[in-house]
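Whatever order the structure lists ligands and atoms in, that order sets their numbers, starting from 1.
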Amino acid sequence: MAEYFPEVNKVKFEGRDSKNPLAFKFYDPDAVINGRKMKDHLRFAVAYWHTLKGTGGDMFGAGTWKRSWENAADPMQRAEDTLHAAFEFFTKLGVDYYCFHDRDIAPEGQKFSESCKNLDYIVKLAKKLQSDTGVKLLWGTANCFSNPRYAHGAGTNPDPKVFAYACAQIKHAMEATLELGGENYVFWGGREGYETLLNTNYALEQELFARFLQMAVDYKREIGFEGTLLIEPKPQEPTKHQYDFDSATVLGFLRQYGLLNEFKLNIEANHATLAGHTFQHELTVAAASGSLGSVDANTGDMLLGWDTDQFPTNIYDAVYAMMVIQQAGGFTTGGLNFDAKLRRGSVDDLDLFYGHIVAMDTFARGLIISEQIIKDGLLDEFVAKRYSGYNSGFGADIVAGKADFKAAEGFVLANEEPVPSSGRQEYLENLINSYI
Ligand code: XLS
Ligand code: CA
Ligand code: CA
């Protein structure tokens with residue numbers, strides 16, 4: 001069996017003072033924090049598409065590297081070699097999970113039936129490698145955006161033939177996910193949206209999208225898939241306006257169509273910033289509805305307005321994200337999937353390790369620091385005090401739904417003019433800095 005990363009042994013935890021770039025400084029998988037192992041809090045996953053299939057290409061130029069696992073002329077042989085390289089990478093890096101699109105792991109055939117056959121063959125091999133290594137599938141998904149047939153969308157396509165094709169493709173990808181014990185199934189609607197309203201029946205497309213998702217829910221029940229269905233918001237790119245714009249939009253849509261209990265959200269950091277929000281905001285909105293499912297952990301570049309999918313290295317972002325995740329009770333079926341790709345100039349295979357190691361260490365620090373902040377309780381205490389007026393008197397009546405405008409008027413007449421008390425933003429920012 002070929003070895004694809006001969007220069008790397010298993011990446012180990014060596015502690016903060018280590019100067020070894022192929023060791024973890026903060027991520028100590030079996031260390032217990034608040035009764036749970038670090039690896040079980042963080043549930044790291046590798047994204048097959050970027051890590052195994054990325055080429056370094058962008059819209060201005062061709063790929064800048066060619067991986068040794070992509071050498072075979074026959075596409076099925078290439079898929080097999082890639083799968084072996086993938087599991088070698090997962091085990092050497094020490095992640096417990098991976099994620100894929102159907103077309104990442106197996107090539108699309110001339111006909112739908114051939115595509116299904118290709119996928120089934122690779123799924124069988126993946127199942128064996130999963131059981132040999134203990135690596136698990138965090139989520140599967142279908143690529144319903146690359147093939148030209150999806151130019152005008154999948155579940156919102158004006159042509160029912162394409163709608164049907166997407167359903168059939170997702171049916172098969174759900175079956176593959178079930179077969180591999182996947183813990184979630186993701187819907188990212190890259191082309192569910194519009195380029196111009198001049199040719200778009202917006203109302204019908206919304207209805208179609210709801211029908212599409214309901215069919216997925218029905219099929220999930222039919223085959224006994226017990227994982228979580230996730231929707232991944234993104235405001236645009238490739239589509240000018242994507243229907244799953246952000247957390248709030250998706251939650252409103254799900255509520256409107258009675259689907260709120262059927263789906264949770266997969267929040268991607270870079271998509272949050274594209275929507276004009278922070279990562280922390282998107283996580284908070286999802287968590288407030290009990291809909292925080294999983295996370296695509298990456299980052300954009302604040303000077304660039306597109307989806308650069310970089311490896312996350314910002315400690316503050318990781319701390320704020322982990323605070324929301326942990327306060328929402330931590331991950332159940334979800335995890336932290338590194339939907340991140342190397343910069344075009346990072347051309348070596350080894351750079352794949354460096355990218356993941358810094359990302360894992362960043363979130364390990366995020367976890368350690370956020371747990372300390374939560375445990376000390378100073379921030380919570382401040383927030384609780386800020387809203388304490390709602391615990392009694394007229395405030396409690398408001399929360400209990402017992403107040404009305406007339407009662408409010410009576411309350412105002414009987415009380416003194418309200419004066420603002422300090423929100424203490426700078427004090428709190430200083431408090432956070434004291435932990436970092
Ligand atoms: C693209 C998305 C995509 C989803 C899975 O921007 O991040 O990769 O995560 O289809
Ligand atoms: Ca993503
Ligand atoms: Ca992205």
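Under the 4.5 Å side-chain criterion, counting only non-hydrogen atoms from C-beta, K10 is not in contact with T91.
A cation-pi arrangement, defined by a distance under 6.0 Å to the six-membered ring centre and an angle within 45 degrees of its axis, is present between R365 and F26.
Among the candidates F338, F90, Y97, the single residue satisfying the ring-ring contact (aromatic ring centres under 6.0 Å, His included) test with F44 is F338.
H41 and N34 form no side-chain donor-acceptor contact under 3.5 Å, judged by distance and modelled atom types alone. No side-chain donor from either of D159 and H152 sits under 3.5 Å from a side-chain acceptor of the other. A donor and an acceptor atom, one from each side chain of Y194 and Q242, are nowhere located under 3.5 Å apart. T278 and Q280 share no donor-acceptor pair across their side chains, judged by distance under 3.5 Å alone.
Within the model, atoms CZ of F13 and CE of M360 stand 12.5 Å from one another, a figure rounded to the nearest 0.5 Å.
Residue E232 approaches the Ca ion (ligand 2) most closely through its N/O/S atom OE2.
The existence of a salt bridge linking K39 and D30 is confirmed by a sub-4.0 Å separation between a basic side-chain nitrogen and an acidic carboxylate oxygen.
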For R67 and D349, run salt bridge (Lys or Arg N to Asp or Glu O under 4.0 Å): C-alpha distance rounded to whole Å, both residues' side-chain angles, the deciding distance at 0.1 Å, then the answer.
CA-CA 7 Å; R67 304 299 187 198; D349 293 358; 2.8 Å; yes
Table of N or O contacts for ligand 1, cutoff 3.5 Å:
residue, atom, partner, partner atom, Å
ligand 1, 6 (O), K234, NZ, 2.9
ligand 1, 6 (O), H271, NE2, 3.2
ligand 1, 6 (O), D307, OD2, 3.2
ligand 1, 7 (O), E232, OE2, 2.9
ligand 1, 7 (O), E268, OE1, 2.8
ligand 1, 7 (O), H271, NE2, 3.4
ligand 1, 7 (O), D339, OD2, 2.9
ligand 1, 8 (O), D339, OD2, 3.4
ligand 1, 9 (O), E232, OE1, 2.7
ligand 1, 9 (O), E232, OE2, 3.0
ligand 1, 9 (O), D296, OD2, 3.2
ligand 1, 9 (O), D339, OD2, 3.2
ligand 1, 10 (O), H101, NE2, 2.7

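Protein N/O/S atoms found under 3.0 Å from the Ca ion (ligand 3): E268 OE2, H271 NE2, D307 OD1, D307 OD2, D309 OD1.
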